[in-house]
Amino acid sequence: MSATRALAGPAARTLSRLARERVAMVSLTVLILIAPACLFGPALTGHDPTRAYPDLRQLPAGLTAQPDPDHLRPALERLAFRMRTRLDDVARDGDALRLTLSSEAGVDRRSLVYLPRSDLFGEPNVIADTEDGKRLVVAVPLRRLSFPLGTDVHGRDLLTRCLVAGRVSLLIGLIATLVALLIGVGYGATAGFIGGAVDAVMMRLVDVLYALPFVFFVILLLVFFRPSLTLMLVVIGAVEWLDMARIVRAQTLSLRERDFVRAARALGLGTPRIILRHIVPNTFGPVAVAATLLVPRVILLESFLSFLGLGVQEPDTSWGVLIAEGARAIESAPHMLAGPAAFLITTLVALTLIGDGLADAVDPRAD
Amino acid sequence: MIRFILRRLAQSVPTLFAVVAVNFFLMRLAPGGPFDLERPLAPTAMENLRRVYGLDQPLIVQFGSYLAALARGDLGPSFSFRDMSVLDLIARGLPVSATLGALALALAACLGIGLGTAAALRRGGALDRLLGLGAALTLSLPSFVVAPLLQIVFGLSLRWLPLSGWEGGAPSHLILPVVTLALPQVGALARLTRASLSEVLRTQPVRTMRSLGLPPSRITRHALRGALLPVVAYLAPLAAALLTGSVVVETIFGLPGIGRYFVEGALNRDYTLVMGTVLLVVALVIVLNLIADLACAWLDPRLRNTA
C-alpha cells in the first residue's frame, strides 16, 4: 500500500512520462550496459590493464585468436634469439607447437622459461633431446589470446584499457557534477530566497564569473600546480556550478511566493530549514535535467584536459588519455582512436538524449 | 544609449582588475619560474635575468609596475619568446585565430539557427527527430576526435585538402579547422533555437496571429525575433571563445594562433604572455556581451527601458 502511495505525485508522473520516451529509454539501456561493463568488465577480459605484450603491439581490432600466424614466427624468432638458440623448425599441431631448437653450445633448458614468460605460450615440454643436448624438440601449448579492440603502442589490451578508463571518466563526470550541484543549488536557493540586495550582489558575482575564460583558468591551475584527480574534480566542479545557480534561483523566486512556503514561514520555520525542506525539493525537475546534461559536459571537459596532458596521469587512464594516444598513432593504428572514441561518444550521446527526454518529461506542457 | 555603453564599460573595470590580480598572484605563487630550465642556469646569470625582468622585486611592487604598464597599453615583454613583446605575439596570433573563429561562427550560426528553426516549426516530425539525434551527436563529438578523423579522410585518404599548416591563410588550409570548430556549435545552436522558438510558438500572441489567419511565414518572422534572444546571449561568449582560438584545433592543425601561445606560455611559465592572452579573452567577452545586450534590446523593445 505504502509503495503505491509513494509512487503517486509529480516525481512518479515524470518517471512514467520518461518511460514513454523511446529514445531516452534506449539511451538509458545503453548507459546501464556501459557502467557495469566498466566496473566489472576489466576482470572478465582476461587481460590486466597494465599488462603489455611486447610481441603484439598495435594489433588491429578483430576477433582472431592471438598470436596469429603473422605474429607467431617473428615472436618465436625473437624468443629463440634471447634463448641463444636457432629455431630450426616450427610445426603446428592444433593448439600446440612443436619447436626444434638447436645450438652449437647446447641448448640451455633453463632458458625455456622465456617461452611462458612471453605470455604467448604455456609451459614447455621437452619431447626429444638429441646430439648431446645440442638439438631439442619442445612441445609448447599456444595460448589463445583475444583482443577485440586491438592493442596499444605497448601491446596492452585496448578493450580492458577502455573499460578501466571508463571508470575514471564516469566517476569524474558524476563527482564533478555533484560538486557543481551542491554549490549551485545552495547558492541559487539562498540568493533567490533571501532576495533583495543579497540576491543582487550574489547574482552580480555570478555574472562576473560568467565573463571569465574559465577554460583558461582550469588550464592555468592544472599547469601550475601538478595535475591530479582531486584538483581536476574541484576545478571542474567550481567552474560548472554557475548554470545550476541561475536555474535554481529562477525557480526559487517563483516558489518563494507560493502558499506552502508562506505557511512554513507562518509556522515559524527558519530560513535554512525552509530552503532545505521546501524550496530545494521543489526545484528537482529542472535541476535534474541540468545535472543530467552537465555530466556529459564534465566528461568532455575532463577528456579535453587529459588530451592536453593536464588531466588524468599515467598509470591511471581515462578516455581522453586513450584518445590522445590514439590521435598520435592515427596513421599507423587508427583502431587506437576508434575504440576509446566510440566509448566516449556513445556515453555522451546517451547522456545527452536522456537529459533531453527528462526535459520533455519534466515539462508538463509536453503532454 | 551612449551613456548605457559607457556605464557598462565602467562596470567592467573591476572585473578586469580582479582578473589581473587573481591571475598575477596565482601564477607567481605557483611553484616554478620562467627561467627554470632542464639544466639550471648559473646563479649569476639567473640573478641577472631576474633583475632584467624585474622579478627580483617584491611581488606587490611587480604588481604595481605591471598595472602601470597596462594602463599605458603595454603588456610587457614575453619571457619565453626572446626579443618579442606580448603585443607582438598577439598581433601575430590573433589574425589566425580570429579568421578561423569568425568563419566557424558564421557557419555555425547559419546552419544551427536554420536547422533549429526548421525543427521547431515541425515539432515531432522526421526532420525534428533526426536533428535531435544529430545535435546530440555533434555536441558529443570532441574536437580532438573530429580533427584527426578529418585529417585522415580528407588529408591522407582522399588527398583533397592539406593536413595542417597555415600558409598565410590559404582557403584550402582553413576548411578543416573551421569545420572542426563549427561542428559542435551547430548542434548547440540548433538545440537552443529549437527550444526557444517552440516556447515562443506556444504563446498567446502567436496563437492570436494564427487565429487571425496570418500567413505562416510572417508568424515565423515575428516569433523568431523573440526566440533569438537566448541565442544571441549564447553567441556572445561563444564568439569570444572562437575568436581567441582553440587550443586543440590549433595544436592538431599546426596553426600559429592565440590558443597555442597561451598553452605554450603556461607551460613555460611565461607570466606576461599568459596574462596578455587571458586579458584579451576577458576584454573580448565584455565587449561582445555588451554588443549582445544591445542586439537583444533591438530585438525586444521591452528590454530597452531596463537597459
Side-chain angles (χ1 to χ4, degrees), chain A residues 22-23 27 204 207-213 215-217 219-226 293 296-297 299-301 303-304 306-310 319-320 323-324 326-331 334 337-338 340-342 344-357 359-360 363 365-366, chain B residues 11-12 14-16 18-19 22-23 26-32 129 132-133 135-137 139-149 151-152 156 184 187 191 195 199 202 236-237 240-241 244 246-248 251-252 259 262-263 265-267 269 274 277-282 284-286 289:
Chain A
R22 219 172 344 136
V23 176
S27 309
R204 180 78 202 130
D207 288 342
V208 169
L209 290 176
Y210 248 110
L212 299 184
V215 175
F216 282 59
F217 270 118
I219 293 176
L220 265 194
L221 279 175
L222 290 171
V223 168
F224 281 83
F225 301 93
R226 271 184 336 125
L293 291 173
R297 265 179 50 189
I299 294 180
L300 200 59
L301 186 54
S303 51
F304 163 72
S306 295
F307 178 84
L308 292 178
L310 301 173
W319 287 329
I323 288 173
R328 272 195 291 275
I330 186 149
E331 282 179 55
L337 180 67
L344 177 70
I345 293 167
T346 311
T347 308
L348 296 182
V349 170
L351 279 164
T352 309
L353 292 175
I354 293 172
D356 286 354
D360 285 345
D363 187 355
R365 286 168 303 186
Chain B
Q11 276 175 354
S12 64
T15 311
L16 278 170
V19 169
V22 168
N23 225 326
L26 193 76
M27 281 194 290
R28 264 126 176 123
L29 290 178
R129 270 177 294 169
L133 282 176
L137 188 66
L139 273 181
S140 309
L141 282 173
S143 55
F144 47 85
V145 172
V146 174
L149 278 182
Q151 279 181 325
I152 268 238
L156 282 175
R191 284 165 63 100
E199 192 90 356
R202 277 199 296 245
T244 50
S246 143
V247 179
V248 169
T251 308
I252 295 181
F262 169 75
V263 168
L267 289 172
R269 301 288 191 275
V274 169
T277 41
V278 169
L279 272 178
L280 176 71
V281 181
V282 178
L284 254 175
V285 172
I286 290 171
N289 271 332

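A, B, ... follow the sequence lines: proteins, then strands. Residue 1 opens every chain.
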For this session: Could you walk me through whether B/Arg191 and A/Asp356 pass the side-chain contact (heavy atoms from CB on, under 4.5 Å) test, one step at a time?
Result: CA-CA 10 Å; B/Arg191 284 165 63 100; A/Asp356 286 354; 2.8 Å; yes
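- Heavy atoms of B/Leu284 lying under 4.5 Å from chain A are absent altogether.
- Counting heavy atoms from C-beta outward, A/Ile345 and B/Pro142 have side chains that approach closer than 4.5 Å.
- Here B/Val248 is the residue among B/Thr251, B/Thr277, B/Val248 with the most heavy-atom pairs under 4.5 Å with chain A.
- Using a 4.5 Å cut-off between heavy atoms, A/Ile299 does not touch chain B at all.
- Across every non-hydrogen atom of B/Leu133 and A/Val23, the tightest pair is CD2-CG1, 4.3 Å.
- For A/Arg328, no part lies near chain B; criterion is any non-hydrogen pair under 4.5 Å.
- Partners of B/Arg269 according to the salt bridge (charged side-chain N to carboxylate O under 4.0 Å, His left out) rule, which considers only residues two or more places apart in sequence or in another chain, do not exist here.
- Every residue meeting the side-chain contact (heavy atoms from CB on, under 4.5 Å) condition with A/Pro296, not counting sequence neighbours, appears here in chain and number order: A/Leu348, A/Leu351, A/Thr352.
- Contacts of B/Phe144 with chain A are made by both backbone and side-chain atoms, with heavy-atom separations under 4.5 Å.
- A heavy-atom distance below 4.5 Å is not found between the side chains of B/Ser140 and A/Leu300.
- B/Ile152 touches chain A through its side chain: at least one heavy atom from C-beta onward sits under 4.5 Å away, while N, CA, C and O do not.
- Using a 4.5 Å cut-off between heavy atoms, B/Arg129 does not touch chain A at all.
- By the 4.5 Å heavy-atom criterion applied to side chains, B/Ile252 and A/Phe307 are counted as neighbours.
- Looking at A/Leu301, neither its backbone nor its side chain comes within 4.5 Å of chain B, counting heavy atoms on both sides.
- Of the residues considered (A/Ser303, A/Gly355, A/Ala327), A/Ser303 shows the highest number of contacts with chain B, using heavy-atom pairs under 4.5 Å.
- With a 4.5 angstrom heavy-atom cutoff, A/Thr347 does not touch chain B via any of its atoms.
- Residues A/Leu337 and B/Pro148 come closest through the heavy atom pair CD2-CB, 4.2 Å.
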